[in-house]
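A short worksheet on the structure shown next.
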Amino acid sequence: MHGEYKIPGGKLVVVDVDTEGGALCRARVAGDFFLEPDEALDAVNDALNGAPADTDAAGLAARVDAALPEGTVMYGLTSEGIAIAVRRALAHATDWTDYDWQLIHEGPQSPALHMALDEVLTAEVAAGRRAPTLRVWEWGAPAVIVGSFQSLRNGVDADAAARHGVQVVRRISGGGAMFVEPGNTITYSLSVPEALVQGLSFQDSYAYLDDWVLGALGDMGIRAWYQPLNDIATDQGKIAGAAQKRIVGPEGRPGAVLHHVTMSYDIDADKMLDVLRIGREKLSDKGIKSAKKRVDPLRRQTGLPREAVIERMIESFRGRYGLSQGKVTDEELTRAQHLAITKFSSPAWTARVP
């Protein structure tokens with residue numbers, strides 16, 4: 001069995017391992033990491049051999065830590081990363097490059113239709129009718145998108161939203177509210193087979209699916225990192241937040257994962273704080289008076305037009321994993337339009353947590 005794991009901010013770890021009698025055997029760890037002394041690698045392999053095959057990642061990492069020679073130094077490698085690679089091998093996880101990725105980047109859509117497209121496209125991936133897809137959004141109107149479990153009245157000032165012409169919709173994923181405006185926001189979705197994140201904990205899957213973005217930002221001169229559970233941050237402040245939803249596959253098929261990210265290219269901080277009640281509370285808890293100290297837009301950090309930032313992100317993804325031009329099919333669009341009206345524009349859904 002073969003497993004690979006790119007440690008966020010680190011190097012690639014590759015594990016080949018077999019099992020006999022319910023235990024790991026013939027474990028071989030490799031990768032482009034740095035490890036001193038040389039005999040530490042043998043110690044890692046020996047620590048994995050004999051471990052019960054159902055040992056979780058934390059247990060495997062503890063075995064590795066206990067076996068490392070005194071003074072061992074790892075560069076781009078962690079015991080947790082080794083353990084995750086083992087779990088991915090045992091789970092027969094796939095890799096990014098195992099797929100023919102499709103790009104969808106179409107014209108502006110309404111907030112409700114974007115919510116519906118996420119649900120429909122990810123369900124199509126789960127059903128095996130659509131290839132894994134990177135979808136870059138263009139916003140047709142300003143909006144607040146509340147998380148699936150957020151209280152509507154506690155999160156959004158309805159009067160302020162109406163005054164600013166901001167639509168309010170609820171998405172299918174959890175997490176906090178997003179404030180978006182056309183031209184000021186970069187949003188994308190990944191609709192991926194469940195096999196891509198097999199062997200990863202829920203938290204680890206966020207870091208794993210965000211890693212390509214950190215590389216793209218690095219290419220633009222921004223040192224960014226994943227900040228648990230679901231933020232991307234820089235020295236200047238938070239620039240993005242992610243959310244996920246797992247969708248069950250039909251008739252026993254493996255499911256799919258929706259992972260979407262909203263990045264602040266520019267931001268009207270005063271308007272955001274006027275509309276988001278929860279934003280005021282988060283800032284007050286931290287003793288911060290200005291949202292600009294908490295969310296730092298990409299426009300200022302890159303000096304690039306929004307379109308150029310998006311294009312560089314797409315090219316970075318294409319260079320890593322390959323990416324062909326795709327589109328929303330007529331059938332997918334019809335289903336999404338129906339959902340946009342019957343579900344995502346429905347007060348019963350939007351206010352399902354009052």
Side-chain angles (χ1 to χ4, degrees), residues 1-98 192-215 225-233 242 244 246 254-255 257 259 320-321:
M1 290 170 281
H2 179 86
E4 299 185 2
Y5 180 61
K6 168 65 168 60
I7 297 174
K11 298 294 186 177
L12 178 69
V13 182
V14 179
V15 173
D16 291 285
V17 65
D18 297 318
T19 60
E20 284 183 359
L24 305 185
C25 62
R26 294 183 287 278
R28 299 172 298 282
V29 175
D32 59 354
F33 50 79
F34 300 91
L35 177 65
E36 295 290 347
D38 284 349
E39 53 265 28
L41 184 60
D42 291 331
V44 169
N45 291 332
D46 290 342
L48 295 174
N49 290 325
D54 60 355
T55 306
D56 63 14
L60 292 172
R63 289 177 67 101
V64 169
D65 285 335
L68 289 174
E70 185 175 355
T72 294
V73 179
M74 298 179 176
Y75 297 96
L77 177 68
T78 64
S79 57
E80 292 80 7
I82 295 169
I84 290 171
V86 172
R87 294 308 317 168
R88 285 176 59 75
L90 296 173
H92 302 285
T94 55
D95 185 66
W96 294 84
T97 54
D98 292 332
V192 307
E194 189 177 43
L196 184 62
V197 295
Q198 284 286 1
L200 300 177
S201 69
F202 191 77
Q203 177 172 321
D204 289 332
S205 71
Y206 272 86
Y208 184 68
L209 294 176
D210 281 339
D211 190 61
W212 73 275
V213 185
L214 305 186
W225 60 87
Y226 160 77
Q227 185 168 295
L229 171 65
N230 60 337
D231 289 344
I232 298 174
Q244 284 188 9
R246 308 294 171 105
V257 178
H259 180 91
R320 285 175 173 231
Y321 311 127

Check your understanding: Is there a side-chain contact (heavy atoms from CB on, under 4.5 Å) between His259 and Val192 once you walk through the steps?
Key -> CA-CA 8 Å; His259 180 91; Val192 307; over 6 Å; no

Exercise for review: Would you please name every residue forming a side-chain hydrogen bond (donor to acceptor under 3.5 Å, both in side chains) with Thr94, sequence neighbours left out?
Suggested key: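 For Thr94, the residues satisfying side-chain hydrogen bond (donor to acceptor under 3.5 Å, both in side chains) (neighbours in sequence not counted) are Tyr99.
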
Practice item. Could you list the residues that satisfy side-chain hydrogen bond (donor to acceptor under 3.5 Å, both in side chains) with Asn230, not counting sequence neighbours? Key: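 Scan of Asn230 (side-chain hydrogen bond (donor to acceptor under 3.5 Å, both in side chains), adjacent residues dropped) gives none.
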
Review point. How would you list all residue pairs meeting ring-ring contact (aromatic ring centres under 6.0 Å, His included) that involve residues 34-82, not counting sequence neighbours?
Key: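 Residue pairs with at least one partner in residues 34-82: there are none.
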
Review point. Does any pair with a residue in residues 38-59 pass ring-ring contact (aromatic ring centres under 6.0 Å, His included), and if so which ones, sequence neighbours excluded?
Key: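 The answer is none; no pair qualifies.
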
Residue pair [X] / [Y], side-chain heavy-atom distance below 4.5 Å:
X	Y	result
His92	Gln198	no
Leu90	Met1	yes
Met74	Leu68	yes
Arg63	Leu24	no
Thr72	Pro37	yes

Heavy-atom pair with the smallest gap, counting every atom of [X] and [Y]:
X	Y	value
Ala67	Ala47	CB-CB, 3.6 Å
Ala89	Val17	CB-CG1, 4.1 Å
Gly199	Ala91	N-CB, 4.0 Å
Ala57	Ala83	O-CB, 3.2 Å
Pro8	Asp211	CA-OD1, 3.4 Å

**Study point:** side-chain contact (heavy atoms from CB on, under 4.5 Å) between Arg88 and Leu200, worked out
**Key:** CA-CA 7 Å; Arg88 285 176 59 75; Leu200 300 177; 3.8 Å; yes

Check your understanding: Are Tyr206 and Gln244 close enough, and set up right, to give a side-chain contact (heavy atoms from CB on, under 4.5 Å), and what steps lead you there?
Key -> CA-CA 8 Å; Tyr206 272 86; Gln244 284 188 9; 3.6 Å; yes

Exercise for review: Could you tell me which residues satisfy ring-ring contact (aromatic ring centres under 6.0 Å, His included) with Tyr5, sequence neighbours excluded, listed by chain and number?
Suggested key: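 In terms of ring-ring contact (aromatic ring centres under 6.0 Å, His included), with neighbours along the sequence ignored, Tyr5 is linked to Tyr208.
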
Review point. What residues form a ring-ring contact (aromatic ring centres under 6.0 Å, His included) with Tyr321, not counting sequence neighbours?
Key: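 Tyr321: ring-ring contact (aromatic ring centres under 6.0 Å, His included) contacts with Trp96, Phe317.
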
Among [options], which residue meets the side chain to side chain contact (heavy atoms under 4.5 Å, CB included) test with [X]?
X	options	answer
His2	Val14, Val15, Asp95	Val14
Ile82	Leu60, Leu48, Asn45	Leu48
Thr78	Ile7, Val13, Asp65, Val64	Ile7

Would you give the length of the straight line joining atom [atom1] of [X] to atom [atom2] of [Y], rounded to the nearest 0.5 angstrom?
X	Y	atom1	atom2	value
Leu77	Leu12	CG	CG	10.5 Å
Ile232	Trp225	CD1	CH2	11.5 Å
Asp210	Asp231	CG	CG	9.5 Å

Review point. Checking Asp32 side chain against Lys11 main chain: does a donor-acceptor pair fall under 3.5 Å?
Key: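 A pair under 3.5 Å: no.
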
Point to revise | Derivation of the side-chain contact (heavy atoms from CB on, under 4.5 Å) call for Val257 and Leu196 | key: CA-CA 9 Å; Val257 178; Leu196 184 62; over 6 Å; no

Point to revise | Arg87 and Asp204 ion-paired at < 4.0 Å | key: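 Answer for the salt bridge query: no.
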
